[in-house]
Amino acid sequence: MSKADFVLNIENLAVNYETEDGTVEAVNGIDISLKKGKTLGLVGETGAGKTTTALSILRLVPDPPGVIKSGKIELEGKNIFEYTEKDMELIRGNTVSMIFQDPMTSLNPVLTVGDQIAEVIKIHQNLSKNESYEKAKEMLELVGIPGDRAGEYPHQFSGGMKQRVIIAIALACNPKVLIADEPTTALDVTIQAQVLELMKQLRDKYDTSMILITHDLGVVAEICDEVSIMYAGSIVEHGTLEDIFDDYRHPYTKGLFDSLPKIQNRNEPLRPIPGLVPDPSNLPTGCPFHPRCVHAKEICKTKFPEVTHISDTHYVACLAFEKGSGVKIDRGADHE
Ligand SMILES: Nc1ncnc2c1ncn2[C@@H]1O[C@H](COP(=O)(O)OP(=O)(O)OP(=O)(O)O)[C@@H](O)[C@H]1O
Ligand SMILES: [Mg+2]
């Protein structure tokens with residue numbers, strides 16, 4: 001695959017937050033490649049650095065305290081760290097749109113939803129006020145809300161409808177990349193399914209590439225083509241949906257699957273991953289997962305795991321897959 005097949009390439013991105021209490025190592029040298037029209041799931045527990053990664057792509061990491069320590073982010077082949085702030089304003093909403101983690105607060109309560117969608121269209125598409133408003137109505141229809149409700153205010157909509165409005169705003173300028181940060185977490189399960197279905201349809205219709213941030217593997221299974229598993233600021237495993245669901249390798253990925261309720265045996269107790277998410281202002285030495293890993297050996301406390309390729313599409317960062325490390329995983333019981 002050539003570079004032109006990718007709309008977004010992140011190489012070795014590292015982001016710290018310099019706070020009064022010390023340095024928070026939020027993102028520690030990650031690589032992400034996003035293919036045109038594909039959806040990548042970025043999965044991990046709270047504090048893993050998912051939102052920081054997303055904000056970096058829009059260059060919206062708050063500075064201070066945020067500092068980009070290393071790396072480059074190429075959008076359509078150009079490194080965004082070389083852009084001026086003015087260039088970035090054009091990119092935000094046009095090339096890349098983001099649905100923020102706390103979507104219910106992203107709508108302005110004193111403006112009608114039609115005006116809010118129209119505002120984005122007007123800025124980015126150079127249309128008149130009337131034309132923008134008409135287009136806003138079309139966008140509402142597209143997300144399944146009657147266009148004549150454009151004159152209503154956010155409080156007149158249900159949670160699921162508000163989320164559809166937010167999707168309409170994010171898609172109003174037909175972005176090449178849509179980043180959705182926990183877009184359905186605040187919704188109940190049936191509405192969640194509707195919103196995911198809608199995102200899928202829109203992605204296919206417009207050939208949008210998506211990064212979907214979630215800690216819900218069920219959501220990933222619904223919509224993602226590829227999955228990156230993030231732990232303590234690093235991608236510990238990456239692969240296609242099949243690689244990750246049918247052939248996961250990293251003990252942390254296994255832990256995520258084990259902690260899901262089992263449909264076949266609902267009486268079985270849940271098995272949450274033991275221990276706590278590490279404090280990114282005081283990361284463990286060696287493999288950041290070693291304090292919680294049942295397979296950890298002495299070497300895991302000191303050596304940071306390199307990436308090992310399992311196949312062209314699948315890699316893992318765990319010493320058990322590095323030749324001669326002496327670390328072994330008994331996978332006998334892994335894939336029951
Ligand atoms: N503005 C900030 N100042 C200081 N630390 C921050 C800031 N924003 C995030 N962090 C810290 O950076 C780390 C990564 O945070 P981030 O929000 O990227 O994680 P996340 O994976 O999105 O988590 P969640 O699933 O809870 O949304 C966390 O330890 C967080 O406390
Ligand atoms: Mg987050």
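All values below were derived from every heavy atom in this structure, side-chain atoms included, with hydrogens, water molecules and symmetry-related copies excluded.
For K129, the salt bridge (charged side-chain N to carboxylate O under 4.0 Å, His left out) test picks out no residue, with sequence neighbours left out. Residues passing the salt bridge (charged side-chain N to carboxylate O under 4.0 Å, His left out) test with K78: none are found, sequence neighbours excluded. Residues passing the side-chain contact (heavy atoms from CB on, under 4.5 Å) test with E226 are K35, L40, H238, sequence neighbours excluded. In terms of the side-chain hydrogen bond (donor to acceptor under 3.5 Å, both in side chains) criterion, residue partners of T52 (sequence neighbours excluded) are, by chain and number, Y17. Under the side-chain hydrogen bond (donor to acceptor under 3.5 Å, both in side chains) criterion, S33 pairs with N9, sequence neighbours left out. Shown here are the ring-ring contact (aromatic ring centres under 6.0 Å, His included) partners of H290, two or more places apart in sequence or in another chain: there are none. With sequence neighbours excluded, no residue satisfies salt bridge (charged side-chain N to carboxylate O under 4.0 Å, His left out) with K38.
Taking Ile, Leu, Val, Met, Phe, Trp and Tyr as hydrophobic and joining them when side-chain heavy atoms fall under 4.5 Å apart, one finds I299 in a cluster with L319, V327.
Applying the ring pair (Phe, Tyr, Trp, His ring centres under 6.0 Å) rule to pairs touching residues 25-69 yields nothing, sequence neighbours excluded. Within the structure, no pair that satisfies the salt bridge (charged side-chain N to carboxylate O under 4.0 Å, His left out) test touches residues 309-321, not counting sequence neighbours. Pairs of residues two or more places apart, or lying in two chains, that qualify as ring pair (Phe, Tyr, Trp, His ring centres under 6.0 Å) and include a residue from residues 213-234 are Y231-Y252, Y231-F289.
Side-chain contact check for D31 versus I235: every heavy-atom pair is 4.5 Å or farther apart.
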Distance-only donor-acceptor hits, side chain of residues 171-180, under 3.5 Å, sequence neighbours excluded:
unit_1 : atom_1 : unit_2 : atom_2 : d
K176   : NZ     : E76    : OE2    : 3.2

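Look at K254 and D258 and you find a salt bridge, because one of the NZ, NE, NH1 or NH2 atoms lies within 4.0 Å of a carboxylate O, short of that distance.
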